[in-house]
Amino acid sequence: INPWKGLYTLLCNIVLILFRKGNIKFRQVLDLIQEDREMSRKKIILIVVGCVFVFLIACYVGVSVYFSKVFYMNTFINGMEVSNQSPEEVKAALEQTMENYEMNVATIDGTTEVLSGKDFDFNYNFDEVDTLKEKEMGWSWPIKFFNQTDYEVHAAYEWNEEKLNK
């Protein structure tokens, strides 16, 4: 059922009543109704197109805000996929890969010793991940959405020299 048809019929009946009373010319009223009907279609089309446009803009802004806090899809750091992860989550994952760090040390007498990172307070810092995220622009997600991005991050290492020399 077309709702415009009912409205059109109602308007035509009103016009007929006015026409019978002699207050208005029938042809003028029909022309006005036809113009109004066409104008209403244009308004509806403009409103629908405007709503769709506003919805698309809102979606774009929302996704941009999301990707300003996490890495894009298909992003890899040191070979590990970090898509949709925050820099803090990425640093925690990278630190976990370094948790059981061991160093092989060749001594003067030709033997090899294995030192655990815990033995000499071995620490690492992946602050470069924050820098990478700052360089990624949240607004460019449509371009990055279909591309793979590979990064290499090098940790800043620190250790206790006294414990290492023992």
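Side-chain atoms are counted along with the backbone in the values below, which use heavy atoms only and exclude waters and symmetry mates.
For the pairing with Lys91, the side chain to side chain contact (heavy atoms under 4.5 Å, CB included) check across Asp130, Ile77, Val153 returns one residue only, Asp130.
Side-chain contact between Trp139 and Val61 is present, with at least one heavy-atom pair separated by less than 4.5 Å. Looking at Leu56 and Tyr60, their side chains never come closer than 4.5 Å, going by heavy atoms from C-beta outward. Annotation: side chain of Asn84 is in contact with side chain of Tyr66 (closest heavy-atom distance under 4.5 Å). The shortest distance between side-chain heavy atoms of Leu132 and Phe126 does not fall below 4.5 Å. Residues Val82 and Met80 meet the side-chain proximity criterion, which asks for heavy atoms closer than 4.5 Å. Side-chain contact between Met73 and Trp141 is absent, with no heavy-atom pair separated by less than 4.5 Å. Contact check for Thr75 versus Glu136: side-chain heavy atoms found under the 4.5 Å cut-off.
Using modelled atom types, one side-chain atom of Glu128 and one backbone atom of His154 make a donor-acceptor pair closer than 3.5 Å. Without hydrogens or angle criteria, Glu89 side chain to Ser86 main chain gives a donor-acceptor distance under 3.5 Å. Lys133 places no side-chain N or O within 3.5 Å of a backbone atom of Lys69 that could act as its donor or acceptor partner.
A 6.0 Å sphere centred on CD1 of Ile143 holds no more than 12 heavy atoms belonging to other residues, nucleotides or ligands.
Taking hydrophobic clusters as Ile, Leu, Val, Met, Phe, Trp and Tyr residues chained together by side-chain heavy-atom distances below 4.5 Å, Val48 does not share a cluster with Val54.
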